Amino acid sequence: MTNMWTRCNRCRRILYKQDILDNLYVCPECSFHFRISAKKRLFMLFDDGKYELFDEAIFPEDPLNFKDSKTYSNRLKENQNKTSLPDAVLNAIGTMDGISIVVSAMEFSFMGGSMGSVVGEKITRAFEKALSEKVPVIVVSSSGGARMQEGVLSLMQLMKTSAAVARLDEEGIPYISVIVDPTTGGVTASYAMLGDINIAEPDALIGFAGPRVIEQTIKEKLPKGFQRSEFLLSHGMLDDVVDRGYLRSYLIRALRLFLNRHQ
Amino acid sequence: MAKKKDFYQLEKNIIRLKEKIEIFAADETDDAKKKINQIKEKIALEWERIVPILTPLQTVQIARHPQRPYTLDYLEALTEDFMEIHGDRRSADDPAIVAGLGFYRGRSVAFIGHQKGRTTRQRIARNFGQPNPEGYRKALRVMKMAEKFGIPIVTLIDTPGAYPGIWAEEHGQAEAIAYNLREISKLKVPVVNIVIGEGGSGGALAVGVGDAILMLENSFYSVISPEGCAAILWKDQKAVPQAAENLKFLAQDLLELGIIDKIIPEPPGGAHIDYNLTFKNVDKYLNVTLKRLEKMDAEERREQRYQKFRKIGVFTEK
C-alpha cells in the first residue's frame with residue numbers, strides 16, 4: 001500500500017489519507033478517532049493553529065538506574081528520537097477564540113504517555129502558569145499511567161499535580177480535563193479526573209486498572225463497552241463525550257460560560 | 001543466577017529454635033535455663049547473619065508476612081476508646097479501610113488504615129486490604145470530620161493496591177483517589193502517614209500522603225508491585241526479584257530519594273517477631289512527629305506539605 005492510503009482500525013475500510021486528515025483524523029466512514037500527536041492536538045485547539053511552547057527544555061533522567069530488557073536511558077533515547085520530544089507532554093500558551101489559555105497535551109507515543117518526573121513537573125508548571133497568568137488551563141490526557149522506570153518518584157507526581165489543581169480551585173481558575181484514548185492508571189487517578197469538567201472523545205478507553213488486569217483478577221470476561229467514554233458518561237464519571245470535530249467549539253463555549261463572557 | 005530463598009524458608013530455622021525454647025521452658029532446672037539462653041543467642045546470631053543480606057524481594061515477603069501486625073493491631077495497642085466509623089454516606093461501607101477516632105496519648109486523633117484479614121474468612125471479608133472507591137470516600141469523610149474538630153490525622157498504609165474490579169471502575173476508583181489527593185493537600189490539620197506493610201501504588205497513595213511519611217523498616221512503597229512490573233516489562237514472573245531490585249521501593253531507598261521523613265526500626269527479622277517492641281517504636285516516632293507538626297501554624301504546615309510534594313522529581317533543565 002502506498003502512503004496515500006490507510007486502513008481504519010475499527011471499520012477496516014481502506015481510506016484515502018487526505019480524507020482522514022481533512023476530517024481531523026477521524027474516520028469519515030465510522031467516525032473512529034485515530035490517536036494523534038500532542039503537536040497536532042495543539043494545532044487543532046488554538047486559534048489559527050498558533051501557540052507558543054513553554055518549559056521545552058526539561059529532560060528526563062534515570063534516577064533509579066532502571067534496567068529491564070533495556071536500560072531506561074536507552075528507552076528514553078529511542079523515544080526521544082522517535083517523537084522528537086524530550087518527554088511525553090507539551091505545554092503551550094495561546095488563545096482560543098481570543099481567550100488566553102494554557103494547554104498541556106500528552107504524547108501517547110512517548111513511552112505510552114507514562115508520567116514520570118518530567119510529565120509531573122510540566123503538568124504542575126502548566127497549572128502554575130495558569131495561576132500566575134490568571135488564565136484557564138486545559139489538559140489533554142492520554143497515558144498508560146505512572147512510569148514504572150522512575151518508581152515511587154512517578155507515583156508521587158500524582159500528589160504533586162493534584163495539589164496544584166487544588167490551588168486552581170482556591171484562585172477560581174477554570175481547569176478543563178479532556179481525556180482521549182487511552183487514559184488509565186496514575187493519570188486518571190490524578191489530574192485527568194479533577195477538571196471543573198471532565199470530557200472525553202468517543203470510545204476512548206478510560207479507567208484506573210487496565211482491562212487485562214481486571215479480567216485476570218476477577219476471571220470473567222468484561223462487559224461490552226466497559227471502561228469506554230460512553231460507559232463512564234452513563235456512570236456519572238464524565239460531563240460529556242465530545243466528537244473531535246466539535247471539541248474546539250465545545251471548549252470555547254465552556255470557557256465563555258466559566259469566565260462569564262457572553263459573545 | 002541461583003534462586004534466592006524465600007524469607008519464609010530463612011525463617012524456618014529460627015522457628016525451629018523457638019520451638020526448642022518452649023520445650024526447655026517447661027523444665028525449670030538451671031540446665032534448661034542455660035540451654036534456653038544459648039538458643040536465644042543462637043537466634044540473635046542467626047538474625048544478625050540474615051538481616052543484612054536480605055534481598056528486596058525477601059523484604060517484601062516480610063512486609064506481606066501473614067503474622068505481621070495490621071492496622072487494627074496498632075489501633076488496639078496505641079489508642080484508647082477507639083470508635084470505628086463506617087460508610088461513605090453514598091453507597092457502601094468498605095471493610096478494606098478502617099476509619100475512626102480514638103485517644104492517642106491523651107488527645108483525639110483520627111485514624112485511617114487499610115485492613116487485611118488474618119484468617120481466610122477475614123481476608124475475603126476485607127478484600128485482602130484492597131479498597132474500592134467507597135473506602136477512599138469514607139477515609140476522606142473522616143479526614144474532613146477531623147478537620148472540623150481540629151483533630152490530627154494518622155493513616156496506616158498496608159495494601160496490595162486499589163481493587164481492580166468492575167464495581168470499582170463503575171464507581172470511579174480513579175476519581176476517588178484523585179479527589180482524595182487534591183483534598184488532602186488542603187487539610188488544615190496535621191496528617192501523618194505510616195507505611196506499616198505494603199504501600200501498593202495509587203491504592204496506598206490515596207490515604208498515604210500528608211505532612212510526614214514514616215515507614216517501617218521492612219515495608220515498601222511502590223508505583224507497582226514487583227509481580228505487576230515483571231509481568232509488564234519482562235513478561236516473565238521469573239523476573240520478580242529483578243523488578244523488586246530495580247523499583248527501589250524500600251524504606252532506605254525512599255529516605256535517600258527524599259520522599260519519606262523517617263524509618264521506624266523493626267525487631268530483627270520483622271515486626272511480627274515482637275509486636276510489643278514494634279508498637280513501642282511506632283509510638284515513639286509517631287509521638288515525636290505529631291508533636292512537631294502540632295506546634296506549627298496551620299497555614300505554614302499546609303504550605304510545607306505542598307512544597308514537600310512540589311519538589312519531588314528528578315530531571316534536568318537546560
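Lettering of chains follows the sequences in order, A, B, ..., and the numbering in each one begins at 1. Everything numeric here is computed off the predicted structure, so don't read it as measured data.
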Check the pair A:L153, B:L257 against side-chain contact (heavy atoms from CB on, under 4.5 Å), reporting the backbone distance first and the verdict last.
-> CA-CA 8 Å; A:L153 289 167; B:L257 288 167; 4.2 Å; yes
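- Residue A:F231 touches chain B through its side chain alone, counting heavy-atom pairs closer than 4.5 Å.
- Heavy-atom pairs under 4.5 Å with chain B peak, among A:R212, A:E128, A:Q157, at A:E128.
- In this structure, A:D68 contributes its side chain and B:W234 its backbone to no donor-acceptor pair below 3.5 Å.
- Two residues are said to be in side-chain contact when any heavy atoms from C-beta on lie closer than 4.5 Å; A:F66 and B:K248 fail this criterion.
- Counting only heavy atoms from C-beta outward, the side chains of A:I218 and B:Y163 approach each other to under 4.5 Å.
- Within residues 304-311 of chain B, the residues that have a heavy atom under 4.5 Å from a heavy atom of chain A are B:Y306, B:F309, B:R310, listed by number.
- Atom CD of A:E52 sits in a sparse spot, with 12 or fewer heavy atoms from other residues, nucleotides or ligands closer than 6.0 Å.
- Within the 4.5 angstrom heavy-atom criterion, atoms from both the backbone and the side chain of A:M148 approach chain B.
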Go through B:K186 and A:D169 one step at a time and tell me if the side-chain contact (heavy atoms from CB on, under 4.5 Å) criterion holds.
-> CA-CA 10 Å; B:K186 297 180 188 171; A:D169 291 351; 3.6 Å; yes
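- Ion pairing between B:R182 and A:E170 fails under the 4.0 Å rule for side-chain N and carboxylate O.
- Most heavy-atom pairs under 4.5 Å with chain A, from the set B:L181, B:V223, B:N246: that is B:N246.
- When all heavy atoms of B:G313 and A:S117 are compared, the pair lying nearest together is CA-OG, 3.4 Å.
- Per-residue heavy-atom pair counts under 4.5 Å with chain A were compared for B:L233, B:I177, B:L247, and the maximum is reached by B:L233.
- Annotation for B:R90: atom CZ does not count as buried by contact number, only 12 or fewer foreign heavy atoms lying within 6.0 Å.
- The candidate from B:A239, B:S201, B:G202 with the greatest count of non-hydrogen atom pairs under 4.5 Å with chain A is B:S201.
- Highest contact tally toward chain B, considering only A:V187, A:L222, A:D55, A:L158, is held by A:L158 [criterion: heavy-atom pairs under 4.5 Å].
- Taking CG of A:L238 as the reference point, atom CD of B:E175 lies at 11.0 Å (rounded to 0.5 Å).
- No part of A:A192 comes within reach of chain B, as not one of its non-hydrogen atoms sits under 4.5 angstrom from that chain.
- B:E169 places a side-chain N or O within donor-acceptor distance of the main-chain N or O of A:A209, the cut-off being under 3.5 Å.
- For A:Q149, the part lying under 4.5 angstrom from a heavy atom of chain B is the side chain only.
- Put simply, the side chain of A:L155 does not reach to within 4.5 Å of the side chain of B:S222, judged on heavy atoms.
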Determine, step by step, whether A:V152 and B:F249 satisfy the side-chain contact (heavy atoms from CB on, under 4.5 Å) criterion, reporting the C-alpha distance in whole Å, the side-chain angles of both residues, the deciding distance to 0.1 Å, and the verdict.
-> CA-CA 7 Å; A:V152 77; B:F249 52 37; 5.7 Å; no
Residues B:Y221, A:M156; criterion side-chain contact (heavy atoms from CB on, under 4.5 Å); working and verdict = CA-CA 11 Å; B:Y221 201 166; A:M156 291 298 155; 3.9 Å; yes
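- For a residue to count as touching a neighbouring chain, one of its non-hydrogen atoms must lie under 4.5 Å from one of that chain's; by this rule B:V209 touches chain A with the side chain only.
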